[in-house]
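The sequence lines fix the lettering, A, B, ..., with proteins before strands; numbering per chain opens at 1.
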Protein chains: 2
Amino acid sequence: MPNASTASTAKGRATQARIVEGAAQVLRERGIAFTTLDDVRARTSTSKSQLFHYFPGGKDELLLAVAEFEASRVLEDQQPHLDRLDSWESWYRWRDAVVERYELQNDQCPLGNLFLHIGRSEPGTRAIVVELMRQWQERIANGIRALRSRELIPASVDVDRSAAALLAGIQGGVSIMMSTGSSAHLRAALDTGIDQLRTATAHER
Amino acid sequence: MPNASTASTAKGRATQARIVEGAAQVLRERGIAFTTLDDVRARTSTSKSQLFHYFPGGKDELLLAVAEFEASRVLEDQQPHLDRLDSWESWYRWRDAVVERYELQNDQCPLGNLFLHIGRSEPGTRAIVVELMRQWQERIANGIRALRSRELIPASVDVDRSAAALLAGIQGGVSIMMSTGSSAHLRAALDTGIDQLRTATAHER
DNA sequence: CCAAAAATGGACCGGCAAGTCCAGCCCGAG
DNA sequence: CTCGGGCTGGACTTGCCGGTCCATTTTTGG
């Protein structure tokens, strides 16, 4: 139930999209606390009136739109790996994709920033994050089930708990990376998580 | 090398401490983005001039002091569990302490918020967080070594990687808890982390 | 008890950034 | 062509909040 676009023409919709993407860029670079609507205006070659025309709710509504935008990118960036976790090789490819993704975007989790900043003022943000986590975990769980159905791991593995732990490890690895600049923890979390699945198996490899 | 206190009398130091603690309170309640110096002033029964007297650097310096304050609490709250991780029972007690601690402080990681908000503007914040993470991980690693020296786990366990993964799981569990309000992920991360150590052992229990 | 230094109260300033407003422009429908 | 609705530009207003300043009170050292 995201914003039914405020624009009614193709040109309008293009402008609106440009604003969201540009805002996302600026927010990544400067950080939310230091980003003003004027920065967004400059970056997107728009005017104040356009910002408020397409986002009548002002800054909050714009930030919410950016949050949706960023959330949608998270899982997209892990495709197609995330939906094909059916062999050990595919799991490691996914791990590499995740690590690389977060190493590239310097040292930030735009969505996390947004969430913290808007916080409880905008209930919508929370819903976006919750839904993202749910989907992410679900896909990981599906991957574990795929391993199980191929008998690479025993049926006794607690799928949901393992998926939850793996997801937590990723989140924590990313947030530690934000402060230390090192992806070591993210890597460690992913590697031990996968290792745990592997050693739960009876037959090696 | 934290601020050599700006106060030179006992009364002054008391006021300064009151400001930091009061500020920490307000920040936890309202969130940084919505907290003004006036809120802090009101909460701590001080005047504007006092705030700037004790924190000449203004808001940034105050926030930095609060960050130090919060960081020091993190490990304190896990004592004495964190320094006595030498039996499986003690690990589970620690787990319970961690979960309880974060369940109590409603749904926030004050330090995380601070870090994100001050971000790269104040290099000091990063150092505080990095140091906290280092110490935290070191203590976990010590706990794992204790298990190993008691031969509860085999020598083949990669201590640092396991500690890093566990720490990442905690951080992620907490941050997921902030959005969802549920401690399930934190619990899952801790449980699977400990399980992994246990199943690495040759002899059961 | 008396300076001098520290601590305190609170009025005031100034800038910045969110949000408003309206005039003019583009563009497609008829 | 032309009319109308949406799109665009940007000047302007407004309130908030960080930071300054100085007068006053309290404490301390001798």
Side-chain angles (χ1 to χ4, degrees), chain A residues 3-23 26-27 29-67 113-114 117-119 121-122 125, chain B residues 3-24 26-27 29-67 114 117-119 121-122 125:
Chain A
N3 332 337
S5 172
T6 314
S8 55
T9 74
K11 189 182 181 188
R13 275 186 298 276
T15 302
Q16 193 169 29
R18 199 174 76 241
I19 292 173
V20 172
E21 284 160 36
V26 181
L27 288 176
E29 288 169 19
R30 291 218 212 303
I32 301 183
F34 308 107
T35 300
T36 72
L37 287 185
D38 230 52
D39 294 329
V40 175
R41 197 192 50 64
R43 171 68 58 104
T44 59
S45 307
T46 50
S47 64
K48 217 58 171 301
S49 71
Q50 282 170 294
L51 260 38
F52 283 87
H53 181 67
Y54 294 111
F55 303 94
K59 197 181 192 183
D60 282 350
E61 190 177 337
L62 174 57
L63 290 179
L64 194 63
V66 173
N113 289 17
L114 277 162
H117 198 265
I118 322 193
S121 75
E122 278 290 326
T125 330
Chain B
N3 330 338
S5 171
T6 315
S8 55
T9 76
K11 190 180 179 189
R13 275 186 297 275
T15 301
Q16 193 170 30
R18 200 174 74 241
I19 291 174
V20 172
E21 284 161 35
V26 180
L27 288 176
E29 289 170 17
R30 292 217 211 303
I32 301 183
F34 308 107
T35 300
T36 72
L37 288 186
D38 231 52
D39 294 328
V40 175
R41 197 191 50 64
R43 170 70 57 104
T44 59
S45 308
T46 49
S47 65
K48 217 60 170 301
S49 73
Q50 284 170 294
L51 259 39
F52 283 86
H53 180 67
Y54 294 111
F55 303 94
K59 197 180 191 183
D60 282 351
E61 190 178 337
L62 175 57
L63 290 180
L64 195 63
V66 173
L114 278 162
H117 198 266
I118 321 192
S121 75
E122 279 289 327
T125 330

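- Using a 4.0 Å cut-off, no side-chain N or O of B:Thr15 falls inside it from OP1 or OP2 of C:dA7.
- Note that the CZ atom of A:Arg41 and the CD1 atom of A:Ile19 stand 11.5 Å from one another [nearest 0.5 Å].
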A correct 5'-to-3' footprint of nucleotides 23-28 of chain C, with B, S and - meaning base, sugar-phosphate only and no protein heavy atom under 4.0 Å, is ---S--
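- If B:Ala10 and B:Leu37 are placed on DNA chain D by their nearest nucleotide, the residue sitting closer to the 5' end is B:Leu37.
- As a whole-Å value, the separation of A:Lys59 NZ from D:dC16 P is 16 Å.
- A search for side chain to side chain donor-acceptor pair (under 3.5 Å) contacts involving A:Thr9 returns nothing, not counting sequence neighbours.
- In the region residues 39-48 of chain B, proximity to DNA chain D at under 4.0 angstrom, judged on heavy atoms, holds for B:Lys48.
- Rounded to whole Å, atom C1' of C:dC16 lies 14 Å from atom CZ of A:Phe34.
- Straight-line distance from the CG atom of B:Leu51 to the P atom of C:dA7: 14 Å, rounded to whole Å.
- Taking atom CD of B:Gln16 as the reference point, atom P of C:dA6 lies 14 Å away to the nearest angstrom.
- With rounding to the nearest 0.5 angstrom, the OG1 atom of A:Thr35 is 7.0 Å from the NZ atom of A:Lys59.
- Nucleic acid contact class of B:Ser49 (heavy atoms, under 4.0 Å, all strands): base.
- When rounded to the nearest whole Å, the span between CZ of B:Arg30 and C1' of D:dC17 equals 14 Å.
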Item to complete: Mind running side chain to side chain contact (heavy atoms under 4.5 Å, CB included) on B:Phe55 and B:Val20 for me, showing each step along the way?
Response: CA-CA 10 Å; B:Phe55 303 94; B:Val20 172; 3.6 Å; yes
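- To the nearest 0.5 Å, the span separating CD on A:Gln16 from OG1 on A:Thr44 amounts to 12.0 Å.
- Under the rule for a side chain to side chain contact (heavy atoms under 4.5 Å, CB included), the partners of A:Ser47 that lie at least two apart in sequence or sit in another chain are A:Ser49, A:Gln50.
- Here the C1' atom of nucleotide D:dC21 and the CD atom of B:Gln50 are 15 Å apart, to the nearest Å.
- Separating the NE2 atom of B:His53 from the C1' atom of C:dG10 is a distance of 16 Å, rounded to the nearest angstrom.
- Between A:Leu114 atom CG and A:Leu63 atom CG the span is 6.0 Å, to the nearest 0.5 Å.
- Residue B:Tyr54 is the one, among B:Tyr54 and A:Phe52, whose nearest nucleotide of DNA chain C lies closer to the 5' end (criterion: closest heavy atom).
- For the pair B:Arg18 CZ and C:dA7 C1', the interatomic distance rounds to 11 Å; values are reported in whole Å.
- Take A:Asp39 and apply the salt bridge (charged side-chain N to carboxylate O under 4.0 Å, His left out) test, not counting sequence neighbours, and it matches A:Arg30.
- Remark: A:Thr15 engages no residue in a side chain to side chain donor-acceptor pair (under 3.5 Å) (not counting sequence neighbours).
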